[in-house]
Chemist: 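Below is the structure I would like to discuss, written out as structure tokens.
Bear in mind that the values here come from a model prediction, so they are computed numbers and not experimental data. Protein chains get the first letters and strands the later ones, always in sequence-line order, with residue 1 at the start of each. The basis for the numbers below is simple: all heavy atoms, side chains too, and nothing from hydrogens, waters or symmetry mates.
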2 protein chains.
Amino acid sequence: MNYNQFKHCGLNVTLTMLSGKWKPIILYHLFHNAEMRFTELWRIIPKVAKKVLLDHLKQMEADGLIIREEKQGFPPEVSYRVSEKGKALGPALSALETWANEYAADEVAEFKKTTVGKLRQHLS
Amino acid sequence: MNYNQFKHCGLNVTLTMLSGKWKPIILYHLFHNAEMRFTELWRIIPKVAKKVLLDHLKQMEADGLIIREEKQGFPPEVSYRVSEKGKALGPALSALETWANEYAADEVAEFKKTTVGKLRQHLS
DNA sequence: TGAACGGGTTACAAAAAAGTAACCTTCTTG
DNA sequence: CAAGAAGGTTACTTTTTTGTAACCCGTTCA
């Protein structure tokens, strides 16, 4: 039962940082790619509005979860990658993913059908 | 790196279930109390609107995280408790809490000052 | 010269989440 | 007989989050 003795303050902080319609898929891509450019992310998540993707990335950068790097020169080249702080969250994110697959398989399947289908990808 | 190979579907499903301004604190209380009545919860989280608390509880019940039990008789007695499915999420919630305390201590402190202060409680 | 590209910003509209206040029901107690 | 308590619902407002579309800047390429 000990692992259930969480307090709610940290939980609140973490969930706030993770809340945002497209953050899970952004994190997924960044965790799996080490570095991605803005347009690359935008193309791979085609339904997200440019502005919203930018908003999410800005928040995540402000929260220290990801790092934005701008190489000057032309064409403008901006890349995003997961920070150490962000990487440290990996196991917890895995745990949430695992729980869903074990305890909410139906919802996961439904999500794949509706959302992922519309993204025309196979990201499970 | 293996523990970072989460997919985003399950993550999305879980975070959606956890999203709601007062869900972390609701879960906190239910995880620590085995069973609580509606009014008890409402009194312990004094800033939440009755309607919103009810909405959150309904969603969490619909998602299978908690169980609502209604004993008939008078006065009406309704209690809420964490389901097995909900309990299985405990370790993941702990992981989120722990991460925040390690990597986002400032935000946690800020949260305690602003939000918890207003709740007039000491729940860390 | 002018169209296209990468990475934005801006102004605005739509939708979703949270909050407010009044009301309801069924009993019990003063 | 009036008030109060538990657990809600209803109608409505405010705030927050997402989404749409147009525009900007500086270069390169046709």
Chemist: Any ion pair linking A:Arg68 and A:Glu70 (charged N to carboxylate O, less than 4.0 Å)?
Modeler: yes

Chemist: B:Leu53 CG to D:dA6 P: how many Å, rounded?
Modeler: 14 Å

Chemist: Considering the terminal five base pairs at each end of the helix from C:dT1-D:dA30 to C:dG30-D:dC1, what angle separates the two local helix axes, rounded to 10°?
Modeler: 20°

Chemist: Between B:Leu89 and B:Leu18, does a side chain to side chain contact (heavy atoms under 4.5 Å, CB included) hold up when you go through it step by step?
Modeler: CA-CA 10 Å; B:Leu89 197 50; B:Leu18 294 175; 4.0 Å; yes

Chemist: May I ask you to decide whether A:Glu35 forms a salt bridge with A:Lys71, counting only side-chain N to carboxylate O separations under 4.0 Å?
Modeler: yes

Chemist: Should the ring pair A:His32 and A:Tyr28 be called parallel, tilted or perpendicular, given that the plane angle runs from 0 to 90° and is split at 30 and 60?
Modeler: tilted

Chemist: Would you find a donor on one side and an acceptor on the other, under 3.5 Å apart, between the side chain of A:Lys85 and the backbone of A:Asp63?
Modeler: yes

Chemist: Is there a donor-acceptor pair under 3.5 Å between the side chain of B:Thr14 and the backbone N or O of A:Glu97?
Modeler: no

Chemist: Round to a whole Å and report the spacing from NZ of A:Lys71 to P of D:dG26.
Modeler: 22 Å

Chemist: Calculate, to the nearest 0.5 Å, the distance between atoms CG and CG belonging to B:Leu93 and B:Leu27 respectively.
Modeler: 6.0 Å

Chemist: Distance check needed: D:dA6 P versus B:Glu69 CD, whole Å only.
Modeler: 19 Å

Chemist: Strictly under 4.0 angstrom, non-hydrogen atoms only: write out the protein contact profile of nucleotides 6-18 of chain C, one letter per nucleotide from the 5' end, B, S or -.
Modeler: BBBBBB------B

Chemist: Under the side chain to side chain donor-acceptor pair (under 3.5 Å) definition, can you give me all pairs with a residue in residues 51-62 of chain B, not counting sequence neighbours?
Modeler: B:Lys51-B:Asp55

